Amino acid sequence: MTSGSPEGPSTIGTVLRRSTDYLAARGSETPRLDAERLLSKALGLERIELYMALERPLTPSELDSARELVVRRGAREPLQYVLGEWGFRRLMLNVDPRALIPRPETEILVDRALLLLDGRDAPRVIDVGTGSGAIALSLKDECPGARVSGFDFSPDALALAADNAARTGLEVDFLEGDLFDGLPLGPWDLVVSNPPYVDAADVPDLEPEVRDWEPHEALTADGAVAAVARGAVDVLAAGGGIVLEVGAGQAETTADLLEKLGLHDVRVTPDLRGIDRVVEGVWR
């Protein structure tokens, strides 16, 4: 892809093949899918449209655009950052290194949050560590009557979240502050959070896409999960709920903490890989 073309025109089909080989050699776990998405981005086509035009030659400018994206991905920049956007539930969101990339396991967090909100009129919700705004915006999208706020210590992340609110047309308030100093005064009917939960000692062993590109302050902060839980009991309304995403092996400890803090109906939900991922409880 980057060291010159073989004899003959650079068609969509040949560029797809060369890009796939290039990305595979540089460690991508999904080289063909990555190549398809990147070429679609460069050409402004849907993936299915690529396969309807495999013999179409690329213009020099198209080839340059495709090459730039593939080289970035070859450097192990996350595909989502290279594309500049990513889907989360029903929304397409801007993504960049100002915040973590929304992940499938976090959609389970939203599922559990929506169940706790079911039947409530105009519930007040706060998303702690909102990042890109994915959780807060999805809750507003799927529970339109909710009054949703996003809370984060990073002005850059909050700016990205505000961009996503504008992109989606969803009304969410964004607040700046440090979760270790306590949560914004409620009372909140729901506190939801995907806080930093990666052990700092594990960061060097993470995939390069995460280790070298995603913001470390959003990945790891010792005691963040417990701080959100403790902060929540000070600001939850009676009957309000808390829903937390936690790391592998952290669910049991987190569930015990919620019970010790006085929450009831504590429940743990696994992610799609069977890892206990979401912990919830109700404040009575």
Side-chain angles (χ1 to χ4, degrees), residues 88-89 93 98-103 105-117 123-143 146-162 164-165 170 172-198 214-237 240-247 250-251 253-255 257-258 261 263 266 269 277-283:
F88 182 79
R89 297 182 70 87
L93 303 173
R98 290 178 287 178
L100 295 181
I101 297 161
R103 288 172 163 79
E105 53 265 34
T106 304
E107 298 198 19
I108 297 170
L109 179 78
V110 175
D111 284 336
R112 297 308 309 169
L114 288 168
L115 285 172
L116 287 178
L117 293 176
R124 294 191 65 196
V125 179
I126 187 160
D127 170 25
V128 180
T130 196
S132 67
I135 295 170
L137 292 165
S138 290
L139 290 174
K140 182 63 178 178
D141 177 50
E142 298 180 50
C143 184
R147 294 171 291 173
V148 183
S149 297
F151 181 62
D152 207 293
F153 78 99
S154 168
D156 289 339
L158 289 170
L160 176 60
N164 280 323
L170 294 166
V172 171
D173 294 324
F174 294 106
L175 309 170
E176 184 177 344
D178 190 331
L179 65 87
F180 288 99
D181 294 332
L183 305 187
L185 295 178
W188 303 101
D189 296 296
L190 180 69
V191 173
V192 60
S193 183
N194 176 16
Y197 57 68
V198 176
E214 296 197 73
H216 283 200
E217 63 271 17
L219 286 169
T220 179
D222 188 40
V225 174
V228 176
R230 292 191 175 96
V233 299
D234 293 330
V235 298
L236 277 171
I242 179 172
V243 187
L244 300 166
E245 180 178 328
V246 300
Q250 298 175 4
T253 300
T254 305
L257 174 60
L258 294 189
L261 289 171
L263 287 108
V266 174
T269 301
R277 182 66 66 186
V278 177
V279 184
E280 66 191 76
V282 177
W283 181 247

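When reading the values below, keep in mind they use all heavy atoms of this one structure, side chains included, and skip hydrogens, waters and symmetry mates. Predicted model, so just to flag it, every value in this text is computed and none were measured.
Between Ala232 and Ile242, the shortest heavy-atom contact is CB-CD1, 3.5 Å. When all heavy atoms are compared, the tightest approach of Pro155 to Glu176 is CG-OE2, 3.5 Å. When all heavy atoms of Leu139 and Ala113 are compared, the pair lying nearest together is CD2-CB, 3.8 Å. Residue Asp152 comes nearest to Gly129 through the heavy atom pair OD2-C, 3.4 Å, listed as atom of the first residue, atom of the second, then distance. For the pair Cys143 and Pro123, the tightest heavy-atom approach, listed with the atom from each and the gap, is SG-CG, 4.4 Å. Contact record, Leu158 with Phe174: CD2-CB, 3.9 Å, taken as the closest heavy-atom pair.
No more than 12 heavy atoms of other residues, nucleotides or ligands lie within 6.0 Å of CG in Asp222, so this atom counts as exposed by the packing criterion.
With salt bridges taken as basic N to acidic carboxylate O contacts below 4.0 Å, none links Lys140 and Asp173.
The CG atom of Leu175 sits 15.0 Å away from the CZ atom of Phe153 when rounded to the nearest 0.5 Å. The CG atom of Asp189 sits 8.0 Å away from atom CG of Leu117, with the distance rounded to the nearest 0.5 Å. To the nearest 0.5 Å, atoms CD1 (Ile101) and OG (Ser132) are separated by 9.5 Å. How far CG of Asn194 is from CZ of Arg277: 9.0 Å, rounded to the nearest 0.5 Å. Arg103 CZ to Phe88 CZ: the interatomic distance, rounded to the nearest 0.5 Å, is 11.5 Å. In this structure, CG in Leu170 is found 8.5 Å from OG in Ser138, a value given to the nearest 0.5 Å.
Within the 4.5 Å cutoff, the side chain of Leu100 has heavy atoms near those of the Pro215 side chain. Side-chain atoms of Pro184 and Val235, non-hydrogen and from C-beta on, never get closer than 4.5 Å to each other. With a 4.5 Å cut-off on side-chain heavy atoms, Ile108 and Glu245 do not count as touching. Using a 4.5 Å heavy-atom cutoff, the side chains of Leu183 and Leu179 are in contact. Side-chain contact check for Thr130 versus Ile135: every heavy-atom pair is 4.5 Å or farther apart. Between Glu217 and Pro196, every side-chain heavy-atom pair lies at or beyond the 4.5 Å cut-off.
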Assess the residue pair Ser149 and Trp188 against the criterion (side-chain contact (heavy atoms from CB on, under 4.5 Å)); give the C-alpha distance rounded to whole Å, side-chain angles, the decisive distance to 0.1 Å, and a yes or no. CA-CA 10 Å; Ser149 297; Trp188 303 101; 3.7 Å; yes

Please lay out, stage by stage, how Arg89 and Thr106 fare under the test side-chain contact (heavy atoms from CB on, under 4.5 Å). CA-CA 10 Å; Arg89 297 182 70 87; Thr106 304; over 6 Å; no

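Considering Val266, Leu190, Thr269 as possible partners of Glu280, the one that fulfils the side chain to side chain contact (heavy atoms under 4.5 Å, CB included) test is Thr269.
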